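Quick notes on the structure that follows.
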Amino acid sequence: MSLRVYNTLTREKEPFKTIEPGKVTMYLCGPTVYKPAHIGHMVGPVIFDTVKRYLTYSGYDVTFVINITDVDDKLINKAKELGVEVKALAEQMTEDYFDNLNLMGVNTIDHFPYATDYINDMQEMIQKLIDRGHAYPLNGDVYFDVTADADYGKLSGRSVDAMMAGTRVEANDAKKNPADFALWKGSKEGEPAWDSPWGPGRPGWHIECSVMSCKLLGPSIDIHGGGLDLMFPHHENELAQSESASGETFVRYWMHNGLMQSGKNTGKVGGGHDRHGDSPAPDSTAPDSTDAQIANKLAGSAGAESVKTAVFAHHHPEVVRFFLLSTHYRSPIDFSLENIAKTEKSLDGFYRLFDSFERITGVDPYTLNIPNVREETVSLSSLDDELAANFADLRNRFLESMDDDFNTGGAVGILFDMRRAINGFIQQQKLEESCSPEQSEQLTAMVTLLRELAQLVGVFQRPVEKSSGADDEFVNGLMDLVLDIRQQARTDKNWTVADKIRDALKELNVEVEDGKEGVRWSRG
RNA sequence: GGCGCAGUAGCCAAGUGGCCUAAGGCGACGGAUUGCAAAUCCGUUAUUCCCCGGUUCGAAUCCGGGCUGCGCCUCCA
């Protein structure tokens, strides 16, 4: 089976065919850097990082761009409010964004262009649009003329007429059409401004993506991604501008990810505004869940708490990544601490398996050499036929899921199946007691395959905090002593004392497990 | 008002015309193992996919109509 991708433009899954054979160009709309990143900002990058991983594994040479919007009304207002320079605020928030991406294991992005580095190119494109009769200057602004674009609205399925009928398009009498949008905005006193043929001003929101995508990836690109909320107006306008300027198809596959929501009725995370009065105000007497509180913090109109402090303080980022990918990217995803906790629990079994692997083979599973090309998968020849067939089948099912519009939810399920198969092997062969070189080779092949597939969704890339032992010499010494005493009690069949020690340690969040090969402990 | 998306077990979630008498996870219950636990493995946990009609030899999957939740139409990823 070959890769199929859902295309928002056609509302269908289509066979994946690139513009240039073997190459993929991919652009994702990045954040406006005016406040710390919230969890919702991580969804797109994690998903498209996974898309790139999978495409790369499948043999494509992928170029992936995420833009940084560092000029914008919200940014200007926020800077004013805080009494800092726009540039300084943008730099600080960009850094926060990068930190979070890094924690989430998003590390496949090739370019992070800044809007302010492309002002000249934007002006060129605007001029081109004016020359071609698709835009018109007006009192220091420049507007895109939607009526001059025959297929305007094709992405979001709206017609210009329908939008006219909508009552909420703010009337700007001077514009030819209320749906016309700004390409260039004349600046007011004290705002960042660049000289232009139309007077000092700054670019409109949509033009930067058209320009940067064209400059870095060419006029036609394979994949353009973003949150569902960006489909209109942002992507619709980008599309209109780009195609009107170049005369070429702008994007082959439009991919839109579902938005993160929090709690049952709280709406999407990060949706800061109040509705405008036609829906009842949120019931303030409703029990405030912790999740909603966190979501509100993340949305952060008041508090500006970042993902780092709000979530990663309590959960390893890998948990969040795994959580995001355990559902389909086009579905909305419910963020809640309960869900995160469940995910954390489900991941524990993998970490235990890796610990167990290291005990048995003496090899750190994170140092294994992992194949990263589809055709060069790990060899299963050391396994007996039945096992080899079973693992090959699991791998196929994993890849089939991913081939089906990047169905990470289905694929992740296979990882659990594989975990169970490996644990079963360890148990049947009693590897915790003794392990021959042949068995070690077999086990290594299985775990390598698990990691080969896991890398495609970007998990198990680097060790999380050690789940057993500690690196504090003093603590280790103390634990050795305590456990030695407990072992003595067990040998004497003094279960009262042995259990008392175990229970007391548990109170201190130290988990003691008696295995065949000896006692283990870990801090919760 | 207009345009979209979604509704699968206690919870999360995959499956979108026949391999579905519906993956996987969390939870629960039973068994193996254990001094007892923990971990691990095995088994059980939806005859049914929001409701009502229709198309079809056959539908969770397609169509029509409801109900419910959500998003966009306002420079939110």
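Note: hydrogens, waters and symmetry copies are ignored here, and every other heavy atom, side chains too, is used. Below, read A as the first sequence line, B as the second, and so on, with proteins coming before strands; counting in each chain starts at 1. Remember, predicted model here, so these are calculated numbers, not experimental data.
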Exercise for the section: Say whether, by atom type as modelled, one donor and one acceptor occur between the side chain of A/Asn100 and the main chain of A/Asp96 under 3.5 angstrom. Expected result: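 A pair under 3.5 Å: yes.
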Problem - Check: A/Phe416 ring centroid to A/Phe350 ring centroid under 6.0 Å - result: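 Ring centres of A/Phe350 and A/Phe416 closer than 6.0 Å.
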In whole angstrom, give the distance that lies between atom [atom1] of [X] and atom [atom2] of [N].
X: A/Arg359; N: B/A39; atom1: CZ; atom2: P; result: 14 Å
X: A/Tyr152; N: B/C73; atom1: OH; atom2: C1'; result: 11 Å
X: A/Leu347; N: B/A13; atom1: CG; atom2: P; result: 16 Å
X: A/Ile333; N: B/A14; atom1: CD1; atom2: C1'; result: 14 Å
X: A/Phe181; N: B/U74; atom1: CZ; atom2: C1'; result: 16 Å
X: A/Leu228; N: B/C73; atom1: CG; atom2: C1'; result: 13 Å
X: A/Asp393; N: B/C19; atom1: CG; atom2: C1'; result: 13 Å
X: A/Gln429; N: B/U33; atom1: CD; atom2: P; result: 19 Å

Problem - Between B/A23 and B/G10 - P atom distance, rounded Å - result: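 My reading of the P atoms in B/G10 and B/A23 gives 16 Å.
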Problem - Nucleotide nearest A/Arg490 when distance is taken to its side chain, options B/C42, B/A37, B/G35 - result: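 Among the listed nucleotides, the one closest to the side chain of A/Arg490 is B/G35.
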Problem - Residue whose closest nucleotide on RNA chain B lies nearer the 5' end, A/Tyr329 versus A/His41 - result: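 Nearest-nucleotide comparison on RNA chain B picks A/Tyr329.
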Handout entry: Residue mapping more 5' on RNA chain B - nearest nucleotide basis, A/Gly227 or A/Arg330
Key =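 Nearer the 5' end of the strand: A/Arg330.
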Handout entry: Residues A/Arg420, A/Asp417: salt bridge by 4.0 Å N-O rule
Key =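 Counted as a salt bridge, because a side-chain N and a carboxylate O are separated by less than 4.0 Å.
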Practice task
State whether A/Asp503 and A/Lys506 are salt-bridged, where the test is any N-O pair (Lys NZ or Arg NE/NH1/NH2 against Asp/Glu carboxylate O) under 4.0 Å.
Solution key: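 Between A/Lys506 and A/Asp503 there is no salt bridge, as every charged N stays at least 4.0 Å from the carboxylate O atoms.
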Touch class at under 4.0 angstrom, heavy-atom based, for [X] against every strand present:
X: A/Ser401; answer: nothing
X: A/Val412; answer: nothing
X: A/Thr343; answer: nothing
X: A/Pro31; answer: sugar-phosphate
X: A/Arg502; answer: base
X: A/Gly30; answer: sugar-phosphate
X: A/His328; answer: sugar-phosphate
X: A/Asp417; answer: sugar-phosphate
X: A/Gly409; answer: base
X: A/Asn423; answer: sugar-phosphate
X: A/Lys493; answer: nothing

Exercise for the section: With the side chain counted from C-beta on, respond yes when A/Met402 and A/Thr408 share a heavy-atom pair under 4.5 Å apart, and no when they do not. Expected result: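 Counting from C-beta outward, A/Met402 and A/Thr408 do come under 4.5 Å.
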Exercise for the section: Would you check if A/Ile47 and A/Met255 make a side-chain contact, meaning some heavy-atom pair closer than 4.5 Å? Expected result: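 SC-SC contact between A/Ile47 and A/Met255 ruled out.
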Exercise for the section: Please answer whether B/G35 and A/Trp495 are stacked, defined here as ring centres separated by less than 5.5 Å and planes angled under 30°. Expected result: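 According to the criterion (under 5.5 Å, under 30°), yes, A/Trp495 stacks.
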Handout entry: Pairing partner of B/A37 (Watson-Crick or G-U wobble, both distances under 3.5 Å)
Key =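 With both distances under 3.5 Å required, B/A37 matches none.
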Exercise for the section: Assess whether one donor atom and one acceptor atom, taken from the side chain of A/Asn407 and the base of B/G15, lie less than 3.5 Å apart. Expected result: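 A donor-acceptor contact between them is absent.
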